[in-house]
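Notes follow the structure.
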Amino acid sequence: MNMPPAHTRDPFGWTCVAVLVFLVLALVRIAIPSSPYFDEVHYLPAVRSLMALGIAQNLEHPPLAKQIMALGMWLFGDRPFGWRAMSVIFGALALFAMMRAAWFASDRRAVSLLTGAFVATNFLLFVHARIAMLDIFMLAFVMVALWMCAAVCREPERHARAKLIVAGIAIGAAMACKWNAIPLAVLPGLAFFAARLAAGRRRLLVSQRGAPVPGISLLEAFVWLGLLPLAVYAASYWPFAFYASVPGNPDGVFALHGQMLDLQTQVLKEHPYQSVWWQWAANIRSIWYLYEEIDGAQRAVMLIGNPVTMLAGLAALIWCAWAGVVQRRWDALAAAVLYVVSLALWIVAPKPVQFYFHYLLPGCFLSYALALGVDALWQRGERLVPAALVIGATAAFVYWFPALTAAPLDGAQSFTNWAWFAGWR
């Protein structure tokens with residue numbers, strides 16, 4: 001008799017443990033600094049105006065992330081913890097969702113856990129889970145959408161329609177937090193269309209047979225992955241019907257979006273921390289979100305990628321592209337496509353001043369690619385390189401931890417402990 005096929009155990013329990021550890025670490029000194037820093041100085045006044053329905057502010061970005069921050073301030077007060085509480089929660093959600101997406105995409109327990117390790121320690125997620133900025137909310141919703149899409153493809157017999165509905169809601173919510181999500185928002189629908197087209201169904205629109213989700217027609221998928229996200233996105237603009245005034249007095253939602261686009265593409269004066277996409281990929285340009293004497297000590301919050309993860313991840317990304325095309329590894333191909341699409345936006349975007357925090361999405365997909373690469377090496381019998389990468393990424397996170405969490409530093413020259421290169425200063 002043949003032995004039954006082996007099934008990898010779902011690492012759900014370990015995923016919860018990893019997220020809990022991340023959550024505890026993210027809460028360390030979450031109320032420091034006690035005054036707004038970096039882009040909090042733009043978003044917090046906009047949130048307060050939203051709560052009072054006064055004069056609309058920060059019109060260049062969609063409103064949902066600011067509504068979520070307003071919920072945090074309503075629950076926990078207009079104080080540092082209230083400003084950043086929802087960022088911590090959504091940072092943990094982003095990590096959980098990405099680990100679940102990695103599990104369903106790869107069906108590999110190790111890939112899921114390695115994804116959690118590399119994403120949690122890549123600095124990008126951790127720093128944005130501790131500051132009242134919009135990016136972490138966009139990231140969390142993108143990851144929830146990818147989790148649902150991976151799950152419905154892996155287990156189409158289990159609540160397929162409900163998963164597609166959740167994916168559609170998450171896609172719309174991601175776009176309603178920040179427009180960075182738009183290039184990724186179209187990918188699930190395009191992938192569904194391509195898979196169903198390749199299946200060669202005669203009644204393409206209404207047939208419910210074939211990949212990627214048997215039982216769901218292309219027409220129904222368009223509703224959940226196309227129309228529903230647009231409806232969620234549109235619904236997020238409800239405050240504009242109640243604001244006391246909106247600067248520029250746009251005549252309707254289309255005029256408002258024209259004004260938003262103008263604000264996004266306006267030529268701004270040069271910023272000392274501005275950078276471009278190839279500098280992000282090479283990890284050679286940092287941002288000091290905070291570096292000053294505040295709350296009784298010299299403190300810092302530095303944004304740079306984990307040097308181990310970001311550089312090794314580039315090699316893993318090349319392998320993912322090769323494995324996806326040559327070996328038909330769809331999980332690896334997804335990592336390469338998601339990275340390229342999320343980064344390509346910033347190569348062609350008419351936004352004159354860009355910053356390293358725009359690498360948040362690509363950086364997380366790079367971390368997933370590294371998890372796939374390390375797992376592939378381990379399966380081939382390699383032990384030294386996988387161990388060195390995991391230990392190295394963790395050690396770098398521990399070493400940088402004071403500069404990620406506004407810890408008290410020795411003095412004004414302490415930045416040299418972490419600013420190893422001119423571009424990191």
Side-chain angles (χ1 to χ4, degrees), residues 22 25-47 58 69 79-85 87-88 91 120-136 139 268-277 279-311 353-360 363-364 393-425:
F22 176 86
L25 292 176
L27 286 170
V28 173
R29 289 183 291 274
I30 190 62
I32 296 176
S34 59
S35 59
Y37 72 108
F38 198 61
D39 276 359
E40 287 185 341
V41 300
H42 302 300
Y43 298 130
L44 292 176
V47 172
N58 190 238
M69 284 192 278
R79 55 194 181 94
F81 181 76
W83 305 339
R84 301 163 191 151
S87 295
V88 176
T121 61
N122 70 7
F123 300 179
L124 290 163
L125 175 69
F126 189 77
V127 169
H128 287 100
R130 296 171 40 83
I131 188 171
M133 290 174 61
L134 312 181
D135 304 76
I136 195 66
L139 176 71
L268 302 173
K269 64 179 181 180
E270 292 189 356
H271 192 285
Y273 283 136
Q274 72 184 70
S275 53
V276 293
W277 66 271
Q279 292 175 309
W280 311 338
N283 205 36
I284 61 175
R285 192 71 182 99
S286 73
I287 302 177
W288 289 88
Y289 279 7
L290 175 75
Y291 198 81
E292 62 181 277
E293 188 170 336
I294 190 171
D295 295 318
Q298 183 74 33
R299 301 180 187 275
V301 176
M302 180 186 186
L303 181 69
I304 190 64
N306 185 316
V308 176
T309 304
M310 295 299 141
L311 297 181
V353 177
Q354 300 177 10
F355 299 95
Y356 184 65
F357 59 75
H358 293 140
Y359 199 60
L360 175 61
C364 286
T394 305
F397 179 78
V398 172
Y399 178 76
W400 253 269
F401 192 77
L404 304 176
T405 58
L409 306 180
D410 292 334
Q413 296 302 308
S414 296
F415 72 93
T416 57
N417 294 333
W418 303 282
W420 296 349
F421 310 105
W424 288 9
R425 298 186 176 183

Next on the checklist: Tell me the closest heavy-atom pair linking Ala419 and Trp424, and the distance in Å.
Outcome noted: CB-O, 3.6 Å
Checklist entry - So how far is it from Ile304 CD1 to Ile284 CD1, rounded to the nearest 0.5 Å? => result 9.0 Å
Checklist entry - Under the side chain to side chain donor-acceptor pair (under 3.5 Å) rule, what pairs show up with a residue in residues 30-42, not counting sequence neighbours? => result Ser34-Asp295, Glu40-Arg84
Checklist entry - Are any of the side-chain heavy atoms of Val88 and Ile30 separated by less than 4.5 Å? => result yes
Item to check | Closest non-hydrogen atom pair between Met133 and Tyr43, with its separation | outcome: CA-CD1, 3.8 Å
Next on the checklist: Just verifying a value: how many Å separate Leu360 CG and Ile136 CD1, rounded to the nearest 0.5 Å?
Outcome noted: 6.0 Å
Next on the checklist: What's the separation between atom CG in Leu139 and atom OG in Ser87, rounded to the nearest 0.5 Å?
Outcome noted: 11.5 Å
Next on the checklist: Testing the basics here: between Pro80 and Pro33, what is the closest heavy-atom pair and its distance to 0.1 Å?
Outcome noted: CB-O, 4.2 Å
Next on the checklist: Within the 4.5 Å heavy-atom criterion, are Phe415 and Met302 side-chain neighbours or not?
Outcome noted: no
Checklist entry - How about Cys364 and Asn122: do any of their side-chain heavy atoms sit closer than 4.5 Å? => result yes
Checklist entry - CG/Asn306 to CG/Leu124 distance, rounded to the nearest 0.5 angstrom? => result 9.0 Å
Checklist entry - Given side chains that start at C-beta, do those of Phe38 and Val301 come closer than 4.5 Å, heavy atoms only? => result no
Checklist entry - Which side chain to side chain donor-acceptor pair (under 3.5 Å) pairs, counting each pair once, include a residue from residues 283-294, with sequence neighbours left out? => result His128-Tyr289, Asn283-Tyr356
For residues 395-412, which side-chain donor-acceptor pairs fall under 3.5 Å, sequence neighbours excluded?
unit_1: Tyr399; atom_1: OH; unit_2: Asn417; atom_2: O; d: 2.7
unit_1: Thr405; atom_1: OG1; unit_2: Arg29; atom_2: NH2; d: 2.7
unit_1: Thr405; atom_1: OG1; unit_2: Phe401; atom_2: O; d: 2.7

Checklist entry - Quick one: CG on Leu303 to CZ on Phe123, what's the gap to the nearest 0.5 Å? => result 10.0 Å
Item to check | Nearest non-hydrogen partners of Ala132 and Leu44, listed with the distance | outcome: CB-CD2, 4.2 Å
Checklist entry - Got a second to check how far Gln274's CD is from His358's NE2, nearest 0.5 Å? => result 11.5 Å
